[in-house]
Every structure is written in structure tokens, then in C-alpha cells.
Amino acid sequence: MDETDVRDVTGLYREFGDARLPPGQREVERFPVLSMGGTPNWDPERWRFDVDGAVETPRSFTWDEFRDLPSETQRQDFHCVTGWSTFDCEFTGVSATTLLDAVGVESDAVHVMFHALDGYTTDLPLDAVARDEVLFAWGYDGDALPREHGGPLRVVTPHKYAYKGAKWVDGVTLLTEPERGYWEQRGYSVSANPWAEERYS
Ligand SMILES: Nc1nc2c(c(=O)[nH]1)N[C@H]1C(S)=C(S)[C@@H](COP(=O)(O)O)O[C@H]1N2
Ligand SMILES: [Mo]
């Protein structure tokens, strides 16, 4: 990919802290795989990506329809709550702002739940989701996103610990009251700001 097509958002840490590497993290060279279970199967013909809840136009995208949404490539850092960070990942996909604009968020929406093919869920406040740097990514470093990293489609949240980025994502629900996702029900932070070390709640 042409360098000029990549938007570098690795400087977003300045919004949250002084150092690119958040406190208590160590940088790793390779991109580890961390999943609670196995890599789920997906069927491109039957796969649907559902956006529902407090939205003006609930949508159920086929794979082709989702791929037709405007997309971009960003260079991002990735911070796992277990203590490793990897820098300069190039993800290609649809930004959350693009997706939310496509469905129209209702005025009483305050929170978002992400759903995934492996049964994983994770939640964030709407204002933490409605950012250009939150990507629904299908590409990684110029190739299709590897299946173990969440292909065909995953969320990446460079401003949050990476458990906020659902791999194998297949749905998003806009909520009028907060609900807790898989790790959030098990004591992990809802807000998950790495520069404030919000690991547990
Ligand atoms: N569906 C799903 N998404 C998930 C997970 C998971 O187990 N299932 N693990 C989370 C955690 S804790 C991290 S650190 C990242 C790991 O992404 P990676 O395996 O691509 O490094 O995915 C997050 N998203
Ligand atoms: Mo993680």
C-alpha cells in the first residue's frame, strides 16, 4: 500500500498521557494472539453484520454490503490489558463514525455493545465508540485480517485496552442504558483507558 494512503493515528496517546507506551505495558515486536476460546468458523454467504437498538435505520449487512462502505487504512498502536503493546499496526476498515452515520444514532443512545461469532461481547460508552480511530477492520498490514486475529472482521480501539476490540465481530447494539460485556462482567474496566491504567473496575 502507498504510504500516503495510511493515516497515522499513533499520536492519539497525547490526548491521554505523556508517553506513547502506557504505564505498566511492555512493547512486543510481534502481534500476539489472545482469544478466550478457539477461532470460530464463518460462512461468507450466511454471515450478516447487524446494527440494531437505538438507531434510526437498523441494518443487516451482507459481507459484500459491508465491504462497500467507505474504508480507510490507519497506523495504530495496540495495548492488551495483560501488559503487552504492539506499535504501528496497519488496519484497514470502516470507521465507527462512518458506520454510525450510515444507521443514524438515536438521541437517547448512550452505550454500545459489540457481539462476536465466538459469543464474546464487549461494551463501551457511545462517546468512546464514535471516533474515527475505532475501526471495523478487515485488513491488516496490506493483507486480509488473519482469522486468528479476528478475520473476517474485528474492531480495533487504539485509545482503549484491546479487549474492547471484538474479534469476529458480527453485530453492534446501541443501548439507552449501559450493559456489561464478557470481561466487563468479570471485573474488567468499562472505560479501559490504558494511560490511566483502568484495567479493573
Ligand atoms: N471475539 C473475541 N474478541 C476478542 C477476544 C476474544 O477472546 N474474542 N479477546 C480480546 C483480547 S483480551 C485482546 S488482547 C484482543 C487480542 O487480539 P489479537 O488476538 O488479535 O492479539 O482481542 C480481544 N477481542
Ligand atoms: Mo487482552
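Treat the numbers as computed from the prediction; the structure is a model and nothing was measured. Read the numbers this way: they start at 1 and go in the same order the structure lists the ligands and their atoms.
The atoms of ligand 1 that sit less than 4.0 Å from any heavy atom of Cys80 are 14 (S). Within the listing of ligand 1, atoms 1 (N) sit less than 4.0 angstrom from a heavy atom of Ala116. Near Met36, with a cut-off below 4.0 Å to any heavy atom, the atoms of ligand 1 are 6 (C), 7 (O). Atom numbering of ligand 1 starts at 1 in the shown order; those under 4.0 Å from a heavy atom of Pro32 are 18 (P), 19 (O), 21 (O). Heavy-atom contacts of Trp168 reach the following atoms of ligand 1: 1 (N), 2 (C), 8 (N) (cutoff under 4.0 Å). The atoms of ligand 1 that sit less than 4.0 Å from any heavy atom of Val33 are 19 (O), 21 (O). Of all atoms in ligand 1, listed by their number and element, those nearer than 4.0 Å to a heavy atom of Trp84 are 21 (O).
Side-chain contact check for Thr10 versus Arg20: some heavy-atom pair is nearer than 4.5 Å.
A salt bridge links Glu184 and Lys164; the closest N-O separation between the charged side-chain nitrogens and carboxylate oxygens is under 4.0 Å.
Classification of the Trp195-His79 ring pair by plane angle, with boundaries at 30° and 60°, yields perpendicular. By the 30° and 60° cut-offs, the orientation of the rings of Trp42 relative to Trp63 is perpendicular. Ring planes of Phe136 and Phe49: perpendicular class, angle over 60° (limits at 30 and 60°). Using bins of under 30°, 30° to 60° and over 60° for the plane-to-plane angle, the ring pair Tyr188/Trp183 lands in the perpendicular bin. Relative ring orientation between Trp47 and Phe66 is described as perpendicular, the plane-to-plane angle rising above 60° on a 0-90° scale split at 30° and 60°.
Counting only heavy atoms of the protein, atom 19 (O) of ligand 1 lies nearest to Lys167 NZ, 2.5 Å. Of the protein's non-hydrogen atoms, Gly165 O, 2.8 Å is the one closest to atom 24 (N) of ligand 1. Protein heavy atom at the shortest distance from atom 8 (N) of ligand 1 is Asp118 OD2, 2.8 Å. Nearest non-hydrogen protein atom to atom 16 (C) of ligand 1 is Leu34 O, 3.4 Å. Of the protein's non-hydrogen atoms, the one nearest atom 10 (C) of ligand 1 is Tyr120 OH, 3.7 Å. Considering only non-hydrogen protein atoms, atom 12 (S) of ligand 1 sits nearest to Tyr163 CB, 3.6 Å.
Ligand 1 lies out of reach of Phe114, whose nearest heavy atom is not under 4.0 Å from it. Residue-ligand proximity: Tyr161 is placed with every non-hydrogen atom at 4.0 Å or more from ligand 1.
Looking at Arg154 next to ligand 1, an N or O pair under 3.5 Å apart turns up.
The heavy atom nearest to atom 20 (O) of ligand 1, considering only His149, Lys164, His115, Arg30, is found in His149.
In this structure, CZ in Phe114 is found 5.5 Å from CG in Leu124, a value given to the nearest 0.5 Å.
Checked against the 6.0 Å centroid criterion, the rings of Tyr182 and Tyr163 do not qualify as a close aromatic pair.
The side chain to side chain contact (heavy atoms under 4.5 Å, CB included) test with Trp84 singles out one residue from Arg26, Arg30, Gln25, and that residue is Arg26.
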